[in-house]
K.L.:
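The structure is given below, and queries will be raised subsequently.
Convention: sequence-line order gives letters A, B, ...; per-chain numbering from 1.
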Amino acid sequence: MQERLAVLAPLKLEIEDESARHAGHAGAAGGGHYRITIVAPAFAGASRLARHRMVYDALLPLMQHGIHALAITALSPDEAPN
Amino acid sequence: MSVQEKIHQTVTGNPVVLYMKGTPQFPQCGFSATVVQIMKLCGVQNYVSVNVLADPEVREGIKQYGNWPTIPQLYVSGDLVGGCDIVREMFQTGELQKLLEQVSTATSSPPA
């Protein structure tokens with residue numbers, strides 16, 4: 001995930017694997033649950049939909065295989081708390 | 001009618017549509033449950049919900065339709081608003097309430 005998200009040139013990237021919390025729930029067999037917080041200049045001026053799409057696009061192969069659920073917080077450098 | 005046409009008809013024919021796993025009464029996914037909860041907090045009662053678990057074609061079709069890889073997906077006035085994270089963020093900033101208010105005013109007072 002980290003490698004793929006490098007295309008967005010993130011200033012900050014946190015990936016939490018929450019799969020353990022969801023182990024065994026219906027439909028989760030296909031992959032993990034992740035929560036990412038990403039700060040990247042590319043998000044400046046972009047709508048929420050556009051930001052999430054950038055993240056999804058970067059992770060495309062994983063979205064089809066390996067990732068079951070993904071929570072995204074996508075911020076531009078201006079919006080990120082220090 | 002193709003699945004894409006069916007979905008298009010649903011999202012454009014109804015002011016608020018939620019594609020989710022399960023039903024508002026029995027959500028079968030935490031993210032879907034969160035959006036249902038937010039809709040309740042916004043006072044939106046008469047939205048259309050579609051249980052994607054009931055139809056594999058719709059489950060895959062809505063991902064293509066919205067060009068969005070995950071479920072839930074909330075549509076207002078035919079446009080994709082977002083998934084759980086975006087809906088939650090917009091609820092927290094008040095943008096969602098504003099958007100839903102516009103829709104309910106538009107539908108409850110038809111032009112004379």
Side-chain angles (χ1 to χ4, degrees), chain A residues 1 4-5 8 13-40 43-76 78-81, chain B residues 11 17-23 26-38 51-56 58-100:
Chain A
M1 282 175 92
R4 295 197 172 274
L5 289 168
L8 295 172
L13 174 61
E14 285 172 13
I15 303 175
E16 275 174 76
D17 184 346
E18 301 185 327
S19 304
R21 274 203 249 161
H22 300 272
H25 95 64
H33 287 64
Y34 300 91
R35 172 175 299 279
I36 66 178
T37 303
I38 179 167
V39 179
F43 297 139
S47 70
R48 290 189 177 90
L49 278 180
R51 292 175 186 199
H52 283 228
R53 283 204 171 109
M54 287 182 217
V55 173
Y56 288 140
D57 284 347
L59 295 174
L60 191 63
L62 297 175
M63 289 308 296
Q64 285 153 355
H65 224 64
I67 298 177
H68 172 73
L70 186 63
I72 301 171
T73 305
L75 303 171
S76 70
D78 288 350
E79 299 159 348
Chain B
V11 301
V17 184
L18 175 63
Y19 284 83
M20 63 177 290
K21 294 183 179 173
T23 63
F26 295 102
Q28 294 190 42
C29 151
F31 300 99
S32 290
T34 300
V35 176
V36 166
Q37 194 60 37
I38 289 172
N51 179 3
V52 301
L53 297 179
D55 188 339
V58 172
R59 184 175 178 173
E60 282 316 304
I62 192 63
K63 295 179 187 176
Q64 287 161 19
Y65 183 85
N67 182 26
W68 195 258
T70 54
I71 292 158
Q73 294 183 19
L74 179 68
Y75 290 82
V76 174
S77 307
D79 293 325
L80 175 64
V81 174
C84 177
D85 296 323
I86 290 180
V87 168
R88 194 199 294 114
E89 279 176 30
M90 289 180 68
F91 175 66
Q92 283 162 353
T93 61
E95 288 163 81
L96 184 68
Q97 292 89 321
K98 232 178 259 171
L99 180 69
L100 292 168

K.L.:
Taking side chain as everything from C-beta outward and backbone as N, CA, C, O, which of these in L70(A) sits under 4.5 Å from a heavy atom of chain B? Side chain, backbone, both or neither.
P.N.:
backbone
K.L.:
Which answer fits L80(B), side chain, backbone, both or neither, if we ask what part of it has an atom under 4.5 Å from a heavy atom of chain A?
P.N.:
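Contact with chain A involves both backbone and side-chain atoms of L80(B).
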K.L.:
When rounded to the nearest 0.5 angstrom, what is the spacing between CG in N67(B) and CG in D57(A)?
P.N.:
7.0 Å
K.L.:
Taking only Lys NZ, Arg NE, NH1 and NH2, and the carboxylate oxygens of Asp or Glu, determine whether E89(B) and R51(A) approach each other closer than 4.0 Å.
P.N.:
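Looking at E89(B) and R51(A), the cut-off is not met.
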K.L.:
For the residue pair R53(A) and G66(B), what are the closest heavy atoms and their distance?
P.N.:
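What the structure gives for the nearest pair is NH2-O, 2.7 Å.
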K.L.:
Looking at V81(B), is its backbone amide N or carbonyl O close enough to the side chain of R48(A) to form a donor-acceptor pair, meaning the two atoms are under 3.5 Å apart?
P.N.:
no
K.L.:
Kindly determine whether T70(B) and Y56(A) satisfy side-chain contact (heavy atoms from CB on, under 4.5 Å), including the steps that lead there.
P.N.:
CA-CA 9 Å; T70(B) 54; Y56(A) 288 140; 3.2 Å; yes
K.L.:
From F31(B) CZ over to H33(A) NE2, what is the distance, rounded to the nearest 0.5 angstrom?
P.N.:
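Going from the CZ atom of F31(B) to the NE2 atom of H33(A) covers 5.5 Å.
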